[in-house]
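Below, chain A is the first sequence line, B the second, and so on; all start at residue 1.
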Amino acid sequence: MTLDLKVDGQSEERAEAFAQGLLGTALDRPDGVLKVTGAAVYAADDVPEGCAYGMLVRAPGFGAIEVGNADEVRAMPGVLAVIRDKRMVRNAAQGTANAAPVQGVDSADYVGQPVALVVAESFEAARHAAQALQLRTDGGPLPVNPGDVETEGEPDTTGDLDAAMAEAPHRLDVTYTTPSMTSAPMEPHAAVAWWEGDALTVRSALQMLKYNRNELADSLGIDPAKVRLLAPYVGGGFGSKLGIAAEAVAAAIAAQDLGRPVRVVQHRRQVFETVTRRSETRQRLRLAADRTGKLSGIGQEAWVSNLPGEVFQEPVTQATAFAYGAVHRVIGERLERLHRPAAGSVRAPGEAVGVTILECAMDELANDIGIDPVELRLRNIPDTDPEGGIPFSSHMLAEALKTGARRFGWSDRAPKPRARREGEWWIGTGMSAAFRVNVMMEAEARIALSPEGAVVETDMTDIGTGTYAILTQIAGEALGLPAEKVEVRLGDTTYPPGSGSGGSWGAATTGNAVWLAAQEIRAELARRMECGEGELTLKDGTATCGNRRVALADLLDGATLEGHGHIEAGDAFSKVRQSTFGAHFAEVAVNDVTGEVRVRRMSGTFAAGRILNEKTARSQCHGGLTWGIGMALTEGMVHDRRDGHIVNRDLAEYHMAVNADVPPLDVHFLEERDPWAGPLMSKGIGELGICGAAAAVLNAIHHACGVRVRDLPATPDRVLAGLEE
Amino acid sequence: MRPFDYVRAEDPVSASRAAAQANARFIGGGTNLLDLMKLEVMAPETLVDVSRLDFGGIAEDGDGLRIGATVTNSDVAADARVRRTWPVLSRALLSGASGQLRNKATTGGNLLQRTRCPYFYDTDTACNKRRPGSGCAAMGGETRNHAILGTSDQCIALYPGDMAVALRALDATIDVQRSEGAAERFSMQDFYRLPGETPDIETVLAPGDLITAVHLPAPKGDRQIYRKVRDRASYAFALVSVAAVVRMEGGRIAHAAIGFGGLGTVPWRDPDVDAVLVGEKPSAAVFDAAADTLLRGAVPEEGTQFKVPLARRVLRAVLEEATA
Ligand SMILES: Cc1cc2nc3c(=O)[nH]c(=O)nc-3n(C[C@H](O)[C@H](O)[C@H](O)COP(=O)(O)OP(=O)(O)OC[C@H]3O[C@@H](n4cnc5c(N)ncnc54)[C@H](O)[C@@H]3O)c2cc1C
């Protein structure tokens, strides 16, 4: 039996009445010790007997590929094969693609495309041989720079923004740019593949196994039932492991060709090129407001890019659609087909760059009108979703703004820029609102309750986010077991299909599936206790009903009780608008001599429904703020203007924020239950922290020194250009 | 990475001999060389490990200091004598790389660290430094971290290091044991070579020539500053850096030795800049004149335009502080 739930309406609060007291606590990760001691086996950490090693080879240019010396390379010591198979994939599959990405090795659509795999007896031999393989391309120049091609698509238009702009006493019309960005998870993309007959097993670094299995099977032209994927531990993903990537497909092909296991790990420089980047954006922001700051018009038009054949288009404006009320609107994206490495989801696709630039523009407007930036946001919070007119499931922005402002000490702020100086440093503060759509997917989970405790199984992944911890808590709370009595097993396609990790939906979606599985068991336990499920109290391995108390072990009588849960999104995701909200505040110092910026403190207040684990949720937000600092100040992939290749494709030259760039971060959660978000009343928290965080920093730079940097990141040269004026 | 032979040197003379053959290299901490070998930007067939050779550590030498070639960057930076008398060196070292890298990196290896030009690192592009005669992909490409001083039409690659910039301002010298056994001492000026027509040749060293020590003379200035501008607070190469060693007498600049990083194809020092300053009373006009002199021959690319105003501002700020 399975307890199915399609979330069509509001749920009732149940967990509050449960007795274990595990849900919401700052439980340490059950997998934490394994990870810090190196005992957790990541994709490439172990190989089967007889494993060979593969190294991908990149296309040095565009067009048809010609191999100069394959025979020579095959003859090199230790080399087993030079594989160029048309099933190899051009780039990683997009999230939830469920089918193979563009395939082929005959011709390169972007510089850096993997077009061969060299396999050898050792990693070292494979790498050296891969470097010796001479590839030539004969393709002429292809469009690689924004502005070089016609665009696809048009923004949505409501009312008459031009007229609203013409009439408004206050109007803003500015253009910002954001560069390509990489997700750069700590663990590079890796796969170990082996075949037993026609059955394939691949241990890999993946976020969404249910889809990845189909993507891999489709790439290889085999039945998905013949594919087993394992990803028990994943060292970060941030969207880059949503889809099957080049190394997994190549490893499977090579293992088949050679009749032995093959491991392929992407070099860090390959990760930069072959998995999806966050598209660069150009964003035109138009705001029209009356004297009180009330918006009459809002325009956010974004130009983004992707390779031909990719369906993904960075959804820059998806939160702008409901962020602020305004009658006249032009909101949406235009896509340019550029021959740069493929673009796709990187942590908070859409809002990460879209909310950031919207919130920079709101700051500009507040400055022009001369009203407090927090006040400007408060005045423009819509009563209903301005797009569809539907209500919000909950709307916590005002509370986040007010609470955040109080925690940060915003009221002391000088109204005008360039008001505070310490030696060479200008000091200023800035803020931003945070929005992130809340999404639910479909998930299944199974729980087996035995006298020893509960075992939870789903093919859900833990990509460093804390899934092991929160599923332990959810099952433990519902079944009245302490954390030690719950074992969570993840990352194996032989388990029931979970939602995968992506789009911040993992915790709420798969968490609810686990919750439902536990409810099914609770119902059976209540039946055995001869009471209603509502009267049943489970705690520390005992069941209580009225004045009757029985140990679970006795109730089970030596047997195992199974529960299955299945959840999917229903009308609750169209009847009401579901979003998470927050507010960022930052204080920066800007050096008047050099244009260097240092963030001195940062505070984020967030509302995302029930917080399942105080500690892992906080870690997600710390990560989000840190990414925001990187986006504001240092991060950006540089594309060579002649062929679009990524010039700075290593972690020495692609600058993400390091410890010294990150000040103490204050993260605060607002108490909230969103009944529309499913039985747990919990919404996604994994991406909210990055949405708008960079804007708080950029707005603080302006407040500090009067310089508005509209081309991100605000590196010293760009700040200096403003200071020089 | 190409397969290679590994030899652990027993003494300096046999080290030199082992490395004198074509395509052999010394290895110190390996923090630069191994990265380049993994990418086959450099592909030596023999590595001669000198990191365990004892060149006498850090020792006083008259009123100067002798730093053995294998002393790590961390140990030099932490040495009490260096911090007291040559603080600009300590500061320069601590501004570079990361704690882990400085623990491995050696004095000799640091002097010879190679450019971070991304096209030098990319074996699929043209590079006259990596493959003489193949051309320069950086020109017309992305040039934000390239040189504006000392460039040629063959190469605009930046010398990226910090330590050598301080050493230039300190008038340090480099002791080299030639492969045939003779010891020779070079000024920093003579040690590094401008790219000119041969950007692959970066120093006076021939195969097998071993750096044995760096010698610091007694400092000619008690006011020492190292200031480095970079993209993030730590773990980034300089956009511009200035090392200043200054002495004031009677309100005038009696000694000025200014080294520059982030600007040149070699660790930069321009005697004309020092000459503009010496004998003058500190003033904005004098500092500007020094900056004019420094930048008179600058050839910025599109990506390095910003270095001109940035160098001027940083030089002015450093000189104000040093002469105050
Ligand atoms: C990510 C990263 C960031 C960095 N950031 C900075 C920075 O901000 N500032 C900075 O200044 N540096 C920086 N560095 C560079 C670092 O300082 C150098 O890698 C280090 O100093 C090299 O020393 P090593 O002993 O490891 O040299 P190795 O890598 O061992 O050798 C470098 C070269 O020197 C030669 N060599 C070594 N010893 C001798 C000898 N005794 N005689 C003759 N030849 C010898 C080798 O043959 C080789 O060609 C950074 C490096 C990395 C990887």
Can you list every donor-acceptor pair under 3.5 Å that links chain A to chain B?
residue  : atom : partner  : partner atom : Å
A:Arg58  : NH1  : B:Asp124 : OD2          : 2.7
A:His128 : ND1  : B:Glu40  : OE2          : 2.5
A:Gln131 : OE1  : B:Met1   : N            : 2.8
A:Gln131 : NE2  : B:Lys38  : O            : 2.7
A:Glu424 : OE1  : B:Arg227 : NH1          : 3.2
A:Glu424 : OE1  : B:Arg227 : NH2          : 2.7
A:Glu424 : OE2  : B:Arg227 : NH1          : 2.9
A:Asn591 : OD1  : B:Arg227 : NH2          : 3.4
A:Asp592 : O    : B:Arg313 : NH2          : 2.6
A:Val593 : O    : B:Arg313 : NE           : 2.8
A:Glu596 : OE2  : B:Arg230 : N            : 3.2
A:Asp640 : OD2  : B:Tyr119 : OH           : 2.5
A:Arg641 : N    : B:Glu142 : OE2          : 2.9
A:Arg641 : NE   : B:Glu142 : OE2          : 2.9
A:Arg641 : NH1  : B:Glu302 : OE1          : 3.0
A:Arg641 : NH1  : B:Glu302 : OE2          : 3.2
A:Arg641 : NH2  : B:Glu142 : OE1          : 3.0
A:Arg642 : NH1  : B:Ala137 : O            : 3.0
A:Arg642 : NH1  : B:Met139 : O            : 3.2
A:Arg642 : NH2  : B:Ala137 : O            : 2.6
A:Arg649 : NH1  : B:Asp122 : OD2          : 3.2
A:Arg649 : NH2  : B:Asp122 : OD1          : 3.4
A:Arg649 : NH2  : B:Asp122 : OD2          : 3.1
A:Glu653 : OE1  : B:Asn145 : ND2          : 3.4
A:Met656 : O    : B:Arg232 : NH1          : 2.6
A:Asp661 : OD1  : B:Ala233 : N            : 2.7
A:Asp717 : OD1  : B:Arg144 : NH2          : 3.0
A:Asp717 : OD2  : B:Arg144 : NE           : 3.3
A:Glu724 : OE2  : B:Arg313 : NH1          : 2.6

Per-residue tally against chain A (heavy atom, under 4.5 Å) across B:Ala236, B:Gly140, B:Pro118, B:Pro3 peaks at B:Gly140
Look at A:Val597, A:Val111, A:Leu135, A:Val647 and state which one has the largest set of heavy-atom pairs under 4.5 Å with chain B. A:Val647
Sort A:Leu651 into side chain, backbone, both or neither according to what part of it lies under 4.5 angstrom from a heavy atom of chain B. backbone
Considering residues at least two apart in sequence or located in another chain, which fulfil the side chain to side chain contact (heavy atoms under 4.5 Å, CB included) criterion with A:Val599? A:Val588, A:Met602, A:Ile629, A:Leu633, A:Pro663, A:Val697
Residue A:Val638 versus chain B: region with a heavy atom under 4.5 Å: side chain
Which of B:Val314, B:Val240, B:Leu39 touches chain A most, by non-hydrogen pairs under 4.5 Å: B:Leu39
Using non-hydrogen atoms only, which part of B:Leu239 is less than 4.5 Å away from chain A: side chain, backbone, both, or neither? side chain
Determine the option with the most heavy-atom pairs under 4.5 angstrom with chain B, choosing from A:Gly595, A:Pro77, A:Pro60, A:Pro716. A:Pro716
Okay, A:Ala652 and chain B: the region with an atom under 4.5 Å from a heavy atom over there is both
